[in-house]
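Just so you know, these numbers come straight off a predicted model, no measurement behind them.
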Amino acid sequence: MTLRKKLIDKLLTKEKLVAVPQDWQKEYVKLAGDKIRNGKTIDQLVREYNLLLKDYYDKHSVRELRIRLKEDGIKVPANAPKEELVKALVHEYQMVFEKNNKK
């Protein structure tokens, strides 16, 4: 190991960093790009699922919606319009894609 390499390793260790081969850097950039693309795809799937869920409940009658709400223990006012019933069910069963930006 050369003196230069030892010095660099010592400085990196002091900063709690690590040196990696250039090929690893390229692979990391590729993986980071894949993660971003996958996140966008999952986000789109979640949005589409939620739209389908809303369409599904929109097709039900008020009576069917009230039965489903009662079975699932979701409380809504007795005189709530159909839109509010649909909204309550969609809210209960919608998917949420949480992006974890914490490190």
Side-chain angles (χ1 to χ4, degrees):
M1 185 182 282
T2 66
L3 180 59
R4 181 174 183 251
K5 182 160 176 26
K6 286 181 183 180
L7 180 60
I8 290 172
D9 285 346
K10 185 86 166 166
L11 291 171
L12 288 171
T13 303
K14 181 180 177 186
E15 296 295 324
K16 298 184 181 177
L17 299 172
V18 62
V20 295
Q22 202 164 17
D23 289 347
W24 288 15
Q25 291 174 345
K26 291 175 187 174
E27 185 67 22
Y28 177 81
V29 169
K30 181 183 173 299
L31 289 172
D34 290 346
K35 182 178 179 184
I36 291 168
R37 280 189 297 281
N38 289 341
K40 288 179 181 177
T41 301
I42 292 169
D43 194 37
Q44 180 65 31
L45 286 171
V46 167
R47 279 195 305 270
E48 293 299 325
Y49 169 83
N50 290 339
L51 289 173
L52 286 171
L53 185 66
K54 183 180 180 319
D55 287 346
Y56 173 75
Y57 286 126
D58 278 336
K59 293 184 183 344
H60 286 74
S61 68
V62 171
R63 181 178 175 278
E64 291 170 324
L65 293 171
R66 289 198 184 282
I67 290 170
R68 178 66 189 262
L69 287 162
K70 185 178 179 182
E71 287 174 352
D72 295 344
I74 303 168
K75 303 217 184 293
V76 292
N79 60 348
K82 181 177 180 177
E83 294 78 25
E84 194 173 323
L85 303 177
V86 169
K87 186 177 177 180
L89 282 164
V90 169
H91 178 74
E92 184 70 20
Y93 295 107
Q94 71 183 349
M95 293 177 76
V96 178
F97 178 55
E98 296 178 7
K99 296 177 183 170
N100 188 0
N101 294 328
K102 297 178 184 175
K103 289 193 176 193

>> Are Val46 and Leu51 connected into the same hydrophobic cluster when the rule is that any two of I, L, V, M, F, W, Y join if their side-chain heavy atoms are below 4.5 Å apart?
In response: no
> Rounded to the nearest 0.5 Å, what separation is found between the CD atom of Gln44 and the CD atom of Glu48?
Replying inline: 4.5 Å
> Tell me, do Arg66 and Arg63 make a side-chain contact under 4.5 Å, heavy atoms counted?
Replying inline: no
>> Students often mix this up, so state it plainly: with edges at 30° and 60°, are the rings of Tyr57 and His60 parallel, tilted or perpendicular?
In response: tilted
>> To the nearest 0.5 Å, what is the distance between CD1 on Ile36 and OG1 on Thr41?
In response: 12.0 Å
>> Quick one, Asp34 with Arg37, criterion salt bridge (charged side-chain N to carboxylate O under 4.0 Å, His left out). Give me CA distance, side-chain angles, the key distance, then yes/no.
In response: CA-CA 5 Å; Asp34 290 346; Arg37 280 189 297 281; 2.3 Å; yes
> Among the clusters formed by ILVMFWY side chains lying less than 4.5 Å apart, do Ile67 and Val62 turn up in the same one?
Replying inline: no
> Is a salt bridge present between Lys6 and Asp9, judged by a nitrogen-to-oxygen distance below 4.0 Å?
Replying inline: no
> Same hydrophobic cluster for Leu45 and Tyr56, using side-chain heavy-atom links shorter than 4.5 Å among ILVMFWY?
Replying inline: no
>> Quick check: closest heavy atoms across Leu85 and Leu69, and the distance to 0.1 Å?
In response: CD2-CD1, 3.5 Å
>> By the side-chain hydrogen bond (donor to acceptor under 3.5 Å, both in side chains) test, which pairs, at least two apart or in different chains, include something from residues 82-96?
In response: Asp72-Tyr93
>> Taking the basic N atoms (NZ, or NE/NH1/NH2) and the acidic carboxylate oxygens, is any pair closer than 4.0 Å for Asp55 and Lys59?
In response: no
> With ILVMFWY side chains joined below 4.5 Å, transitively, what does Ile8's cluster contain besides itself?
Replying inline: Leu12, Leu17
> For Leu11, which fellow cluster members are found when Ile, Leu, Val, Met, Phe, Trp and Tyr are connected by side-chain heavy-atom distances below 4.5 angstrom, either directly or through intermediates?
Replying inline: Leu7
> Looking at CE of Met95 and CG of Leu52, how far apart are the two atoms once the value is rounded to the nearest 0.5 Å?
Replying inline: 11.5 Å
